[in-house]
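Chain naming here is simple, since letters A, B, ... match the order of the sequence lines and numbering starts at 1 in each.
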Amino acid sequence: MDFTLAYNAAHEALPYMLGGVVWTVGLIVGAMLLGLAFGVPLAVLHVYGPWPVRRAVSTYVWLFRGIPILVQMYIFYFGLLAWLSGLPLFAGLGLDSPFVAAVLVLGLTSSAYQSQIFRGAIQSLHAGQLKAARALGMTDAQAIRSIILPQALRLSIPGWSNEYSILLKDSALAFTIGVVEIMARMRAIASTTHEPVSMTFLAGIIFFVLTWVGVKALNILESRVRIAGYTRQGAA
Amino acid sequence: MAVELETTPVLEARALGKTLGGNRVLDAVSLALPKGCVKVLIGPSGAGKSTLLQCLNFLIPPDSGTISLEGREVNAKSKRELCALRQQVGMIFQDFNLFDHLSALENVRVALMKVKGMSKLDAGELALAELARVGLADKAALYPANLSGGQKQRVAIARALAMDPKVMLLDEPTSALDPELIGEVLAVIRDLAQNGMTMIMATHQISFSASLADEFLFMEKGRVIEAGSPAELLRRDSGSRTKAFCAKISELTGEADDMGGECKV
C-alpha cells in the first residue's frame, strides 16, 4: 500500500466526507433532544408513578433496549412510517424520509437509556429532600421540578456524555436506510476510489473527533453547573 | 391546664394508628397541642416518636384516626388540604434535609416563591430576615455542603419559620449533631419556645427539654404510656418509666450529676 496515494485520496475525499458530518450531527442532536424530552418524564414516572405506569415505562424501556437499532430502523422506515405517510392525515409531512426514521429510532432508543440514567440520579438523591419539600407544602410536581430534577440532571451529565458517545456511533447505522451521513459517504467514496482502508480510517478519525468534542463540551457543562462544595466523590 | 380546656388546640390528633410491615407502630395515639405549649416526646428508638410526628402532617399517612388544625379536621384524601396543612405546620428533621443545590438563602426562599407565590424580591427579603433570626445572615450565600451541621439545622429552622407556621414539629433536631454544635441549635429552639411558638419535639436532650416543656410524653411500642410535667415524671421517687429511661440516658452520656440535679426538681 502506497501511503502517499492513500493520503492524497483521503485528502481529496475529506470535503465530501465532512459533508456527512452535518447529517451525523443532525441525527445525534435530534436524537439526544428527543431522548431528553422523553427520558426525563419517563424517569420521573418510573420512580414516582403508580404501579401500572411504572410497569408501562419499564416495558417501553425493555422494548427499545432489547431490539437492535438496525431492526428498528427497518421496522420504522420500511414499515411504520411508510404506512403512516400513506395515510391522508400524515401525507406530505415527510414522515417517509430516512432521516426522520433514523432520528426517531435513535431518539426513542436513547430515551429508554436516558430514562435509566435519570432514574439512577433521582434515586441517588437523599429521600429526605423530597420529604422536606412536601413538609413545606409543595406539591409533588413542584418538588420534583424545583428540588429533584435540578439535582438529578446535574448528576446525569457524566452518564449523558457516555450516552452521547454511544449514540454517535449508533448513528452510523442510519446509512443502511439511506441517510447520507459519514458512513454512507465513506462507502460510496471507497468504492469509487478503491481506497477502502484509508477511507475507513478517515471515517474513524472523524467519529473520534466528534466524540472528543462532544464529551469535552459536556465536561465543561458539568463543571459550569457544579454546585459549590458538592463535588464528585474523590474529586478535589 | 384550665387554659387548655377553654381554647381549641392548634393541632389535635385523635386515635392515630399506623401499621408498618406488620408492626403496630402507632396504637391509637391521641394528643392535643394548645396554643403556645411545648410538648416533648421521649422514649426508646422504635417507640414510634418519629412516625407520630410525620403522621401529624401526613408525610406518613396514618391508617386510622384524625388530625385537626385549629378545630378543623383535615381531609387526608384532598391533596390541596394536605398542602394547606403542611404550609401551616413546620417540620424540622434529624438530618436537616436542606436542598443541596440551593444556597442557604435560596433554601429559605424557594417555598415562599413556589408555595406562597411571593415575588423573588419579597421572598428574598423575608428569607434574609429569617436567616438573621437564627444568626446566619452572613452565611446566606453559602451552600449546604459548606455549612456545619449546626448551621444547616438553623437554616432548616429558618426555612420552616419563613412559612409562618402555627405549630412546629421537631424530630430529634440535635441527634445528628456533634456535641459542640448542639448548643447553637438548642438556643434557637429555646428562643422559639419563649416567643410562644407551639411545638412538639422528639428528643433525647432530657435536661434541656425538661427546662422547656410543659409536658413530657413518654412513648413505647406505639403508645403514649406516660404523660405529665417534666418535674412530675422526673421526680426521684416518681417510679415512672420516664424516670428510669432518663436515668439510663444520663448514665450513658455521663450527665449523671446534671440529671441528678434535674430530677430533684
Side-chain angles (χ1 to χ4, degrees), chain A residues 40 43-45 47-51 53 117-160 221-236, chain B residues 50 53-54 56-61 79-104 106-117 141-147 152 155-156 158-165 168-171 176:
Chain A
V40 171
V44 168
L45 293 174
V47 177
Y48 300 110
W51 77 261
V53 173
I117 295 174
F118 300 138
R119 180 170 73 100
I122 289 172
Q123 288 176 333
S124 76
L125 296 175
H126 182 44
Q129 293 192 53
L130 185 61
K131 231 176 211 182
R134 284 177 177 152
L136 287 164
M138 287 193 199
T139 62
D140 281 10
Q142 285 172 332
I144 289 167
R145 216 171 34 229
S146 47
I147 306 301
I148 303 298
L149 286 182
Q151 295 181 63
L153 291 179
R154 281 179 170 93
L155 292 174
S156 296
I157 298 175
W160 224 59
L221 177 69
E222 188 187 348
S223 58
R224 277 275 169 81
V225 300
R226 183 169 295 153
I227 301 153
Y230 193 85
T231 48
R232 282 167 301 173
Q233 211 77 62
Chain B
S50 187
L53 289 176
Q54 295 187 63
L56 291 177
N57 64 354
F58 292 91
L59 283 184
I60 298 176
K79 289 199 169 165
R80 233 166 41 105
E81 279 198 29
L82 287 191
C83 287
L85 169 80
R86 289 170 183 161
Q87 281 183 53
Q88 301 173 73
V89 177
M91 183 149 208
I92 300 302
F93 301 88
Q94 180 175 343
D95 37 12
F96 331 126
N97 293 339
L98 290 187
F99 307 132
D100 286 332
H101 64 306
L102 299 178
S103 68
E106 289 163 339
N107 258 279
V108 182
R109 191 177 64 187
V110 63
L112 294 174
M113 291 166 61
K114 303 285 169 192
V115 179
K116 291 207 157 175
L142 293 187
Y143 285 83
N146 292 327
L147 296 170
K152 282 186 211 177
V155 172
R159 180 174 69 178
L161 289 178
M163 299 298 286
D164 194 20
M168 293 276 280
L169 317 173
L170 298 96
D171 189 3

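Residues that satisfy the side chain to side chain donor-acceptor pair (under 3.5 Å) test with B/S50, not counting sequence neighbours, are B/Q54, B/D171.
Summarising the geometry of A/A132 relative to B/F93, their closest heavy-atom pair is CA-CE1, 3.7 Å, with the distance given to 0.1 Å. In terms of heavy-atom proximity, B/H101 sits nearest to A/P150 at CD2-CB, 3.5 Å. Taking all atoms of both residues into account, the shortest heavy-atom contact from B/D100 to A/I227 is O-CG2, 3.5 Å. Taking every heavy atom of both residues into account, A/L136 and B/A160 meet most closely at CD2-CA, 4.4 Å. Pairing each heavy atom of B/M91 with each of A/A135, the nearest pair is CB-CB, 4.0 Å. Nearest heavy-atom pair, A/S146 versus B/K114, reported as atom, atom and distance to 0.1 Å: CB-CE, 3.9 Å.
With chain A as partner, the option from B/L59, B/V89, B/N57 having the largest number of non-hydrogen pairs under 4.5 angstrom is B/L59.
Taking 4.5 Å as the limit, every side-chain heavy atom of A/D140 sits out of range of all side-chain heavy atoms of B/K79.
Taking NZ of A/K131 as the reference point, atom CG of B/D95 lies at 8.5 Å (rounded to 0.5 Å).
Neither the backbone nor the side chain of A/A127 comes within contact range of chain B, judged by heavy atoms closer than 4.5 Å. Neither the backbone nor the side chain of B/R80 comes within contact range of chain A; no heavy atoms are under 4.5 Å apart. Heavy-atom distances place the backbone of B/L98, and not its side chain, under 4.5 Å from chain A.
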